[in-house]
Amino acid sequence: MTRKLTPKQQRFADEYIKSGNAADAARKAGYSKRSARSVGQENLTKPGIKQYIDERMAEIASKRIMDATEAVELLTRIARGEEKETVISSTPEGVYESQKEADLKTRISAVKEILKRYPGDDKLVKAQIRKAEADADIAEAKAKLLRGGKDNRQVKTDEYLEGLKAILKDE
């Protein structure tokens with residue numbers, strides 16, 4: 001059963017969220033100045049008020065933190081030149097404020113950040129994957145050789161690995 005807060009309790013909770021000071025919140029909510037300190041502390045122990053404060057604080061925190069969708073939307077606006085930044089210029093006549101869109105370098109960086117999240121059919125990504133797979137194959141072959149000891153097979157394998165490295169460098 002959730003008990004609804006009185007208007008005074010809700011004002012107290014809202015003021016407490018703003019200031020973090022229970023006595024000050026109690027005074028602003030309309031409690032007497034003499035009892036504000038004790039009433040403020042007592043209100044913080046009441047489950048209904050505490051729950052209300054916790055829920056509001058969680059709501060405030062969730063609004064302050066950017067999620068992944070917002071981040072990608074911001075990057076998209078920068079890449080398209082829709083996001084403006086404020087530039088302040090100082091001259092002998094005074095200080096001027098103007099808006100400008102992101103420079104080309106910043107826009108390209110935004111596009112790269114977006115593409116990192118949506119690689120699609122990127123040749124560079126495919127080449128990096130091929131290289132990583134080849135490196136893994138090389139490491140696996142070396143590990144097998146180390147377990148088996150040195151012989152003619154190792155010499156041939158080393159030659160093979162050097163050949164693979166040369167091929168990868170050409171890509």
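Nothing here was measured: the structure is a model prediction, and the numbers come from that model.
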Student: Please give me the minimum heavy-atom distance between Ala36 and Ala23, naming the atom from each residue.
Tutor: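 In this case the closest contact between Ala36 and Ala23 is CB-O, 3.7 Å.
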Student: First locate atom CD1 of Ile167, then atom NZ of Lys131, and finally report the distance between them rounded to the nearest 0.5 Å.
Tutor: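 If I round to the nearest 0.5 Å, the distance is 13.5 Å.
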Student: Would you mind listing every side chain to side chain donor-acceptor pair (under 3.5 Å) that reaches into residues 33-42, with sequence neighbours excluded?
Tutor: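 For residues 33-42: Ser32-Ser35.
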Student: Can you confirm whether Lys100 is buried at NZ, in the sense that more than 12 heavy atoms of other residues, nucleotides or ligands lie under 6.0 Å from that atom?
Tutor: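 Above 12, so yes.
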Student: Is the closest basic N to carboxylate O distance between Glu133 and Arg130 below 4.0 Å?
Tutor: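 Looking at Glu133 and Arg130, the cut-off is not met.
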Student: Could you check if a side-chain atom of Gln99 sits within less than 4.5 angstrom of a side-chain atom of Thr86, using non-hydrogen atoms only?
Tutor: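 Yes, close enough: below the 4.5 Å cut-off.
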Student: Could you give the distance from OG1 (Thr76) to CD (Glu83), rounded to the nearest 0.5 Å?
Tutor: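 Rounded to the nearest 0.5 Å, the OG1-CD separation comes out at 11.0 Å.
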Student: If hydrophobic clusters are built by linking Ile, Leu, Val, Met, Phe, Trp and Tyr wherever their side-chain heavy atoms come under 4.5 Å apart, do Ile60 and Ile53 end up in the same one?
Tutor: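 In one cluster with Ile60: Ile53, yes.
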Student: If you group Ile, Leu, Val, Met, Phe, Trp and Tyr by side-chain heavy-atom gaps below 4.5 Å, do Val39 and Ile17 land in one group?
Tutor: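 Same hydrophobic cluster.
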Student: Does a side-chain heavy-atom distance below 4.5 Å link Thr6 with Phe12?
Tutor: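 No, every pair of side-chain atoms sits at 4.5 Å or beyond.
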Student: Is there a continuous path of hydrophobic side-chain contacts, each under 4.5 Å between heavy atoms, that joins Ile108 to Leu75?
Tutor: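 Shared cluster, no.
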Student: Mind checking the CG-NZ spacing from Asn21 to Lys28? Nearest 0.5 Å is all I need.
Tutor: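 Going from CG on Asn21 over to NZ on Lys28, the span is 8.5 Å.
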Student: For residues Arg107 and Glu101, determine if any side-chain heavy atom of one lies less than 4.5 Å from a side-chain heavy atom of the other.
Tutor: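 They are in side-chain contact.
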Student: Test of understanding: clusters of I, L, V, M, F, W, Y form through side-chain heavy atoms closer than 4.5 Å, transitively. Do Tyr16 and Met57 belong to the same one?
Tutor: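 Result: yes, single cluster for both.
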Student: With a 4.5 Å heavy-atom cut-off, do Leu5 and Lys46 have their side chains touching?
Tutor: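 No. Closest side-chain heavy atoms not under 4.5 Å.
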Student: When rounded to the nearest 0.5 angstrom, what is the spacing between CD1 in Ile49 and CG in Asn43?
Tutor: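 Between atom CD1 of Ile49 and atom CG of Asn43 there are 3.5 Å.
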Student: Do the side chains of Lys50 and Asp54 get close enough for a salt bridge, i.e. N-O under 4.0 angstrom?
Tutor: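 Salt bridge present between Lys50 and Asp54.
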Student: Would you compute the distance between atom CD of Glu162 and atom CG of Leu164 and round it to the nearest 0.5 angstrom?
Tutor: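 Interatomic distance, Glu162 CD to Leu164 CG, rounded to 0.5 Å: 9.5 Å.
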Student: How long is the span from the CD atom in Gln9 to the OH atom in Tyr31, to the nearest 0.5 Å?
Tutor: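 Here the interatomic distance stands at 5.0 Å.
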Student: For Lys8, look at atom NZ and say whether over 12 heavy atoms of other residues, nucleotides or ligands are found less than 6.0 Å away.
Tutor: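 Atom NZ in Lys8 is crowded, with more than 12 foreign heavy atoms closer than 6.0 Å.
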